[in-house]
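Whatever order the structure lists ligands and atoms in, that order sets their numbers, starting from 1. Residue numbers start at 1 and run along the sequence shown.
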Amino acid sequence: MSGCQIDPNTIRPIRFFNGQCQMLDQRLLPAEEIWLDYRDYLGVAEAIRSMVVRGAPAIGVAAAIGAWFGARDIETESSEEFFTEFEKICAVLAATRPTAVNLFWALARMKSFARANLDRSVMELKIGLEYEALAITQEDEQLCIKLGRQGQRLLPDGARVLTHCNAGALATAGYGTALGVVRAAVAAGKQISVIADETRPFLQGSRLTAWELQKDKIPVTLICDNMAGYLMSKGEIDCVIVGADRIAANGDVANKIGTYTVAILAKEHNIPFYVAAPISTIDLSLADGSQIPIEERSTHEITHLKEIQLAPEGIAVRNPAFDVTPNRLVTAIITERGVVEGDYLAGLAEVAGR
Ligand code: MRU
C-alpha cells in the first residue's frame, strides 16, 4: 500500500520480527505493561483464547503469526504432507474464538498462500508463510490509517465522541479502527474528545481505551455503561463510533456486548452511530446478523472482579460477549476503501468485492 506513513511512536500490541513474537498482555493493563514471548502456535492459540491479545484485527494478526509458528515446526520434506499438517494447525487456531471473522480471514489467507504454492519445497513454503504473516501485520496498521482518513471527515470540529469497548491501537496491529478515526480527526487539527464506556465485564473501555487515549493525550472521559443515555439526553454526546467483530452482507454489525443498547440510545436521541471496520471484518457469506456466532464466555467474568466475589455463589449467569446491531440503527460503515451508507447490501458488496 502506498501513501501511508507509519508513526514509530504508535502503540502496537504485537511485536513480530526476526521470527520472534511478543504480545502486550492486555489482561494486565493499565496497571502493568508486561510483554509475553511466544514461540509456538499452541501458545498463540492460548493467548487469543485468554485475551492476552484481543480485538478483531489483532486476533487475525496473532492467528497468522501462530499459523507460521506451526508451519515452521512441521517436520516433513513433502509439500502435500506439510499442507495436511498445516490445515490441522489452522483448525486449532480457528477454534479459539468464534465471533471475530478476522481470525478466519487471516487463516484462510495463510492457507490459500500455502495451497497456491504446493509446487514449492517445504523450506520455500515456510519462508513464504513468514512473509505472509508479516504482510498481514503491516497491512493492518496501514489500512487503519487509511480508514481513519476516510472516517475523520464525518467528525465535526469539537465533536464529543462516545465509544464502546476498545477499537483502538490495542485491538489492531496499530492505530485502531474507531479510535483511528478519532486519531485522524485530531491529526487534521480538530478538537475531539472521547467518552469511553467502561464496557463490562472485561472492561476494555476503562482499562484499554482510556489507557491508550491518555497515552496519546487525546481528551477522554470514562463513564459506566449505564450512563450513556443520561449524557445523550443532556446533549453531551455528538456521535458514537464503535468497531466491529463481524459485519454481515446486509450491514448488521456484531460488536462487544452493549453496542446494540448504545445504538438504540443513539437512535432515540438522533445521534449518528458509526461503525469503523476494515474490509477483513465484512463477511459477505452471511446474509444477516442472525447467522453470526456469538461467543459465550466464562461466568466468572461476571461473578468476580479478578478474585473478588461480586455475586452469590451458584447464581445463574449469562455472559454473551457480543451482540448484533441491526443495520437500520447504523448511520454509516467506515472502511479503508470508503464510507458505506444507505444500501448496505450493495455498498458492502462493492467495497468488499473490489
Ligand atoms: O472481546 P474483545 O475485546 O476481543 O472484543 C473486541 C471488540 O468487540 C471490538 O470492538 C472489535 O473487535 C473491534 S476492534 C477494532
A321: heavy atom below 4.0 Å from ligand 1, yes or no?
no
Nearest to atom 12 (O) of ligand 1, what protein heavy atom do you find, and at what distance?
A56 N, 2.9 Å
Got the closest protein heavy atom to atom 9 (C) of ligand 1, with its distance?
N255 OD1, 3.4 Å
If only side-chain N and O atoms count, and only distance matters, is there a donor-acceptor pair under 3.5 Å linking Q191 with D157?
no
If the cut-off is 4.0 Å to any non-hydrogen atom of F322, which atoms of ligand 1 fall inside it?
1 (O), 5 (O), 8 (O)
Check: A173 main-chain N/O paired with D140 side-chain donor or acceptor under 3.5 Å
yes
Show which atoms of ligand 1 fall inside a sub-4.0 Å distance from at least one heavy-atom site of R97.
1 (O), 2 (P), 4 (O)
Can you name the atoms of ligand 1, numbered from 1 with element, that are less than 4.0 Å from a heavy atom of T177?
15 (C)
Shortest protein contact, atom 8 (O) of ligand 1 (heavy atom only):
D245 OD1, 2.8 Å
For Q204, the ligand 1 atoms with a heavy-atom partner under 4.0 Å come out as 1 (O), 2 (P), 3 (O)
Report the part of A244 in contact with ligand 1, treating N, CA, C, O as backbone and CB onward as side chain, heavy atoms under 4.0 Å; options are side chain, backbone, both, neither.
backbone
Provide, to 0.1 Å, the distance between atom 14 (S) of ligand 1 and the closest protein heavy atom, together with that atom's residue and name.
A171 CB, 3.5 Å
To the nearest 0.5 Å, atom CG of L103 lies from atom CZ of R246 at 9.0 Å
Can S280 and N102 be counted as having a side-chain donor-acceptor contact under 3.5 angstrom?
yes
Region of T259 that comes within reach of ligand 1 [heavy atoms, distance under 4.0 Å]:
neither
Can you check whether D252's main-chain N or O pairs, donor with acceptor, with N327's side chain at less than 3.5 Å?
no
Heavy-atom proximity to atom 1 (O) of ligand 1, best of E295, H164, K256, R297:
K256
What do you reckon, does V242 put a non-hydrogen atom under 4.0 Å from ligand 1?
no
V317: which other cluster members, linking ILVMFWY side chains closer than 4.5 Å, directly or transitively?
I302, I315
Do ligand 1 and G55 have nitrogen or oxygen atoms that lie under 3.5 Å from each other?
yes
Under 3.5 Å side-chain donor-acceptor pair for R207 and N166
no
Tell me whether the NZ or CZ atom of K256 lies within the 45° cone about the ring axis of F322 and under 6.0 Å from its centre.
yes
Test item: side-chain donor near acceptor, E198 and S206, under 3.5 Å:
no
